[in-house]
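This report refers to the structure that appears directly beneath it.
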Number of protein chains: 2
Amino acid sequence: MDLNSPDTRQMQLQARLSRGQPLNAAHIALEFEVSPDTVRRDLIALERAGQARRVRGGAVPVARPAAPLEERLETEVPPGLVAAALSVIGDAPTLLLDGGTTVLALAEALPPDPGRLVVTPAPRVALACQRRGIEVVLLGGTLSPRGGIATGPGTEDQLTGIAADIAVLGACGLEAEFGLGADDLAEAGVKRVMAQAAVRTMVLTGEGKVGRRARHRVIGCDQFADLVTDAPEARTAAFAAAGVRVHHG
Amino acid sequence: MDLNSPDTRQMQLQARLSRGQPLNAAHIALEFEVSPDTVRRDLIALERAGQARRVRGGAVPVARPAAPLEERLETEVPPGLVAAALSVIGDAPTLLLDGGTTVLALAEALPPDPGRLVVTPAPRVALACQRRGIEVVLLGGTLSPRGGIATGPGTEDQLTGIAADIAVLGACGLEAEFGLGADDLAEAGVKRVMAQAAVRTMVLTGEGKVGRRARHRVIGCDQFADLVTDAPEARTAAFAAAGVRVHHG
DNA sequence: TCGAATCCTGCAATTTCCTGCAAGACACCG
DNA sequence: CGGTGTCTTGCAGGAAATTGCAGGATTCGA
């Protein structure tokens with residue numbers, strides 16, 4: 001009475017794979033009472049569908065780095081940092097948000113406000129805001145391989161039509177003399193234009209980046225008004241001396 | 001005493017399906033003392049009613065509840081559909097990918113090819129491709145509230161500079177006379193321009209959308225070359241007659 | 001390096017599917 | 001009562017999918 005078609009077999013195998021279970025071809029052949037060739041064909045189908053990775057003698061689940069970032073949000077970004085950033089933002093109606101885990105945590109914490117507009121080159125941030133019912137304008141461009149924001153001359157062009165209240169920039173490195181830096185040249189360009197497209201620029205970063213000098217300069221410390229960080233005051237004194245309002249989260 | 005009409009048979013079969021029971025056509029033919037052809041016709045009726053998914057040798061219950069998007073990927077997009085789409089795509093170096101769950105499943109299954117370029121207005125698709133090591137150009141614009149793709153005149157402008165090999169479009173509705181449709185006006189515009197920006201356009205959609213007429217027309221059936229779907233051939237005959245290559249997944 | 005297991009390719013046999021068609025059952029109407 | 005139309009059913013013929021097998025290549029382990 002058990003239906004034995006390629007579809008049903010493959011669905012059962014897929015279920016096991018999604019449970020993280022490796023598949024032994026010979027064993028499955030016995031279990032489903034089909035030849036090993038048939039099992040092999042099933043595994044080929046699953047592999048073509050991206051559901052499995054074939055290895056000698058069977059198949060294993062494809063590595064799914066699905067949610068590491070989502071979870072890192074809750075654990076690695078201190079709640080106080082996000083809260084401080086929110087209070088600096090206030091109810092500014094138009095925000096320009098950078099990418100990166102820290103800014104993403106901020107986006108996840110934004111109050112659901114249908115009257116607010118978020119402009120961002122980071123697809124993750126865009127999705128987070130959309131989930132919260134906030135209107136989003138996504139900036140296009142070439143996705144930078146690491147940081148995950150759109151970059152390129154086209155991206156910077158799109159920003160010329162934007163007039164935001166606050167730009168929130170993450171950091172690959174932040175140092176008092178050098179200023180805010182990024183490790184990717186294209187990213188640095190976009191961040192720089194973002195800062196220019198906003199009335200006020202805020203830098204939001206964890207203490208790990210403070211004092212580090214990144215490869216490319218985005219803007220100097222005279223170009224942004226606020227710094228939100230959880231670094232101790234001793235390491236932010238230089239910024240305060242340069243005229244930056246420092247908020248400790 | 002047992003009334004044996006198509007309706008009573010189908011109601012009994014539906015009851016078994018809702019219990020999660022797979023149906024074996026040959027077995028049912030013996031049980032109801034009818035020919036396998038009649039059972040096949042019953043199963044076709046159930047499939048049209050959305051109560052079952054036909055597989056070789058019988059039918060299985062259709063996946064029930066609407067899970068969140070991430071999980072629907074694994075359960076509701078049949079592996080065969082994705083595999084068929086992959087084979088149509090071949091190794092075309094430049095792809096233009098739409099949004100939607102089905103296209104997203106395709107993106108998740110793309111082979112990691114550093115020489116390939118994917119252009120998309122869908123942030124989810126962009127992230128999926130980036131995870132797989134594929135170069136991504138993200139199209140910017142206002143995020144449509146439902147489908148999750150960037151829309152607007154700016155988005156369409158960005159496409160003028162694109163020359164892709166294949167555009168893969170999802171569907172809110174697909175009907176032979178009406179063509180490919182979308183429920184959001186802005187989305188329809190972007191999809192239309194996407195089709196124009198590619199040498200060849202392929203429509204990828206599950207059977208649920210076939211036969212449904214959406215609110216806004218994207219392109220007519222003479223504007224796309226390939227249709228990949230898991231709908232039965234009976235429901236795709238009209239597309240084949242219109243000159244569309246139909247691939248069944 | 002050798003043996004064995006596994007994999008790939010093509011092929012033929014079987015099963016299942018699709019399509020069209022004609023016969024029977026039944027309701028309805030003149 | 002007879003004719004007509006619709007619905008359903010089974011059947012035939014061809015198309016398509018699936019499967020197991022044979023032969024040769026490849027890989028793994030000793």
Side-chain angles (χ1 to χ4, degrees), chain A residues 1-14 22-49 52-60, chain B residues 1-14 22-49 52-60 78-88 111 176 207 210-211 226-241 244-249:
Chain A
M1 222 277 280
D2 53 302
L3 190 51
N4 195 358
S5 76
D7 297 84
T8 53
R9 278 198 312 272
Q10 287 168 29
M11 284 168 62
Q12 295 191 45
L13 298 180
Q14 180 183 338
L23 302 179
N24 180 315
H27 186 269
I28 291 169
L30 290 174
E31 181 182 344
F32 286 82
E33 295 177 349
V34 293
S35 75
D37 298 75
T38 301
V39 175
R40 193 169 302 118
R41 279 185 264 246
D42 285 336
L43 297 183
I44 289 173
L46 285 173
E47 182 177 55
R48 270 214 263 272
R53 192 167 65 81
R54 235 142 58 85
V55 299
R56 188 178 182 79
V60 295
Chain B
M1 184 51 201
D2 54 340
L3 181 51
N4 199 351
S5 76
D7 294 292
T8 52
R9 276 198 314 271
Q10 286 168 27
M11 282 172 64
Q12 294 194 44
L13 298 181
Q14 180 182 338
L23 302 179
N24 183 318
H27 186 268
I28 290 170
L30 290 174
E31 182 181 343
F32 287 79
E33 295 177 348
V34 293
S35 76
D37 298 74
T38 301
V39 174
R40 194 168 301 117
R41 279 185 263 247
D42 286 336
L43 296 184
I44 289 173
L46 285 173
E47 181 175 57
R48 279 179 135 84
R53 194 166 79 79
R54 234 141 60 86
V55 300
R56 187 179 181 82
V60 293
L81 191 60
V82 175
L86 283 173
S87 89
V88 173
E207 58 173 324
V210 177
D226 296 88
L227 168 62
V228 178
T229 182
D230 57 347
E233 294 211 12
R235 291 168 60 194
T236 60
F239 298 100
V244 175
R245 275 194 298 271
V246 180
H247 311 264
H248 289 272

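Keep in mind that what you see is a predicted model, and the values were worked out from it rather than measured. Naming convention: chains lettered A, B, ... in sequence-line order (proteins, then strands); numbering from 1 in each chain.
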For [X] and [N], give me the distance from atom [atom1] to atom [atom2], rounded to whole Å.
X	N	atom1	atom2	result
A/D7	D/dT18	CG	P	7 Å
A/D37	C/dG10	CG	P	15 Å
B/L30	D/dG10	CG	C1'	15 Å
B/R48	C/dC18	CZ	C1'	13 Å
B/D230	D/dA17	CG	C1'	17 Å
B/H248	C/dT16	NE2	C1'	16 Å
A/Q10	D/dT18	CD	C1'	11 Å
A/R54	C/dC7	CZ	P	7 Å

Crowded around B/R53 CZ? As in, over 12 foreign heavy atoms under 6.0 Å?
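Above 12, so yes.
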Measure across B/A84 and B/H248 and return the closest heavy-atom pair with its distance rounded to 0.1 Å.
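Here B/A84 and B/H248 meet closest at CB-O, 4.3 Å.
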Suppose we call a contact any N or O donor and acceptor under 3.5 Å apart; does that hold for the side chain of B/R41 and the base of D/dT9?
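Absent.
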Record whether the side chain of A/R56 comes under 3.5 Å of the base of D/dT27 through a donor-acceptor pair of N or O atoms.
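Check passes, donor-acceptor contact within cut-off.
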Passing option when B/D42 is tested against B/L23, B/L13, B/I28 for side chain to side chain contact (heavy atoms under 4.5 Å, CB included)
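When side chain to side chain contact (heavy atoms under 4.5 Å, CB included) is applied between B/D42 and each of B/L23, B/L13, B/I28, only B/L13 qualifies.
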Between B/P36 and A/V39, which is nearer to the 5' end of DNA chain D once each is assigned its nearest nucleotide?
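This one resolves to B/P36.
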Does OP1 or OP2 of D/dT18 have a side-chain N or O of A/T38 closer than 4.0 Å?
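It does not, given that no N or O in the side chain of A/T38 lies less than 4.0 Å from OP1 or OP2 of D/dT18.
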Please tell me if A/R40 has a side-chain N or O lying less than 4.0 Å from either OP1 or OP2 of C/dC7.
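Result: yes.
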Interatomic distance, B/R48 atom CZ to B/R54 atom CZ [nearest 0.5 angstrom]:
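Output value for this atom pair is 9.5 Å.
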